[in-house]
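Single-structure report; data block below.
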Amino acid sequence: MNILNLYFSSTGNTEKVAFRIQDTVRDLGHEVETLKVTSGDMDVDVLKFDFVFVGSGVYGQLPGKPLTELHRRLLQKYNEEGEVKPASPRRPSANVVVYCTYGGVHTGVNEAIPAVKFMGQLYDHLGYNIVGEWYVVGEYKTDRFRDRSIGGRLGDIRGRPNTEDLKEVAEKVKGVFKAYLF
Ligand SMILES: Cc1cc2nc3c(=O)[nH]c(=O)nc-3n(C[C@H](O)[C@H](O)[C@H](O)COP(=O)(O)O)c2cc1C
């Protein structure tokens with residue numbers, strides 16, 4: 001079983017989630033390759049992996065730019081290589097969990113949904129089964145936007161993702177492994 005834990009994080013929130021995923025996967029007795037996306041040109045062959053966790057913070061309703069560019073480039077590359085076929089036949093043992101951390105100041109989770117759906121489409125096109133779409137609240141950490149962590153659609157989100165949020169992530173990893181990696 002090859003497991004990839006791929007993430008982009010600009011202010012550290014998604015990295016906390018990715019590290020908790022990594023720790024939980026290891027506690028469950030599996031090896032996992034954790035990769036932080038630093039640029040759209042990054043060299044990663046997601047098709048080598050049977051199980052992928054992919055996550056990002058939400059920026060303007062989409063994943064961070066490096067991860068967005070990486071997914072666009074990979075989709076084009078796999079298309080050219082004939083890995084994306086009409087009707088996207090399922091690869092029976094290939095699974096993906098797509099997640100984001102988001103602040104939701106304006107419209108709550110609705111402004112994070114495009115990011116998760118966007119990331120999921122690369123894997124869906126490749127025939128992976130999307131076995132989780134997770135939304136984790138993440139406070140706004142830049143000086144310019146810090147005040148958005150209070151008074152928005154989700155109320156006071158300072159300190160998120162917090163211990164409870166990360167515990168929930170660990171429980172979801174256990175649940176999804178129980179379902180798909182027996
Ligand atoms: C410049 C900027 C733009 C953001 N845009 C959105 C957005 O459109 N929707 C949203 O829900 N959250 C938005 N956020 C909140 C981030 O998605 C949230 O803080 C996330 O946890 C950051 O993840 P990271 O630290 O892993 O990069 C934005 C934050 C910043 C700093």
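Atoms within a ligand are numbered from 1 in the order they appear, just like the ligands themselves. Computation of the quantities below employed the complete heavy-atom set of this structure, encompassing side-chain atoms and omitting hydrogens, waters and symmetry-equivalent molecules. Since the model is a prediction, treat every value here as computed from it, not as a measurement.
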Out of curiosity, [X] [atom1] to [Y] [atom2], how far, rounded to the nearest 0.5 Å?
{"X": "R158", "Y": "E139", "atom1": "CZ", "atom2": "CD", "result": "9.0 Å"}
{"X": "D50", "Y": "I3", "atom1": "CG", "atom2": "CD1", "result": "8.0 Å"}
{"X": "Y128", "Y": "S93", "atom1": "OH", "atom2": "OG", "result": "9.0 Å"}

Taking 4.0 Å as the limit for heavy-atom contacts, which would you say applies to [X] with ligand 1: side chain only, backbone only, both, or neither?
{"X": "N13", "answer": "both"}
{"X": "S9", "answer": "both"}
{"X": "E139", "answer": "backbone"}

Inset, instruction - Kindly say whether P63 contributes a backbone atom to a donor-acceptor pair with the side chain of T68 at under 3.5 angstrom? - result: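 Between the backbone of P63 and the side chain of T68 there is a qualifying donor-acceptor contact (under 3.5 Å).
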Legend entry - Exam field: side chain T14 to backbone G55, donor-acceptor pair closer than 3.5 Å: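 Checking the backbone N and O of G55 against the side chain of T14, no donor-acceptor pair under 3.5 Å is found.
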For [X], the ligand 1 atoms whose distance to one of its heavy atoms is below 4.0 Å:
{"X": "T142", "result": "31 (C)"}
{"X": "S10", "result": "24 (P), 26 (O), 27 (O)"}
{"X": "F145", "result": "1 (C), 2 (C), 30 (C), 31 (C)"}
{"X": "G138", "result": "18 (C), 19 (O), 21 (O)"}
{"X": "E111", "result": "7 (C), 8 (O), 9 (N), 10 (C), 11 (O)"}
{"X": "G104", "result": "10 (C), 11 (O), 12 (N)"}
{"X": "G60", "result": "5 (N), 6 (C), 7 (C), 8 (O)"}

Inset, instruction - Among V46, L6, V37, find the one that has a side chain to side chain contact (heavy atoms under 4.5 Å, CB included) with H71. - result: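 Of the listed options, the one satisfying the test is L6.
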Just need the protein heavy atom nearest to [atom], so name the residue and atom and give the distance.
{"atom": "atom 12 (N) of ligand 1", "result": "G103 N, 3.1 Å"}
{"atom": "atom 29 (C) of ligand 1", "result": "Y140 CD2, 3.6 Å"}
{"atom": "atom 20 (C) of ligand 1", "result": "T101 OG1, 3.2 Å"}

Inset, instruction - Pick, from Y59, Y102, Y7, the option with the minimum heavy-atom distance to atom 3 (C) of ligand 1. - result: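 Shortest heavy-atom distance from atom 3 (C) of ligand 1: Y59.
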Inset, instruction - Return the option from V58, N110, T11, T14 holding the heavy atom at the smallest distance from atom 13 (C) of ligand 1. - result: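 Checking each option, the heavy atom nearest atom 13 (C) of ligand 1 is found in V58.
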Inset, instruction - Report yes if some N/O of G12 lies less than 3.5 Å from some N/O of ligand 1; otherwise report no. - result: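 Yes: some nitrogen or oxygen of G12 is under 3.5 Å from one in ligand 1.
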Legend entry - N-O pairing of K117 and E133 below 4.0 Å: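 So K117 pairs with E133 through a salt bridge.
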Legend entry - Sub-4.5 Å side-chain heavy-atom contact between V97 and N95: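 No; the side chains remain at least 4.5 Å from each other.
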Legend entry - Aromatic centroids of Y99 and Y7 separated by under 6.0 Å: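 Y7 vs Y99: aromatic centres not under 6.0 Å.
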Inset, instruction - Verify the ring-centre separation between H30 and F51: is it less than 6.0 angstrom? - result: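 Here the rings of H30 and F51 have centres that are no less than 6.0 Å from each other.
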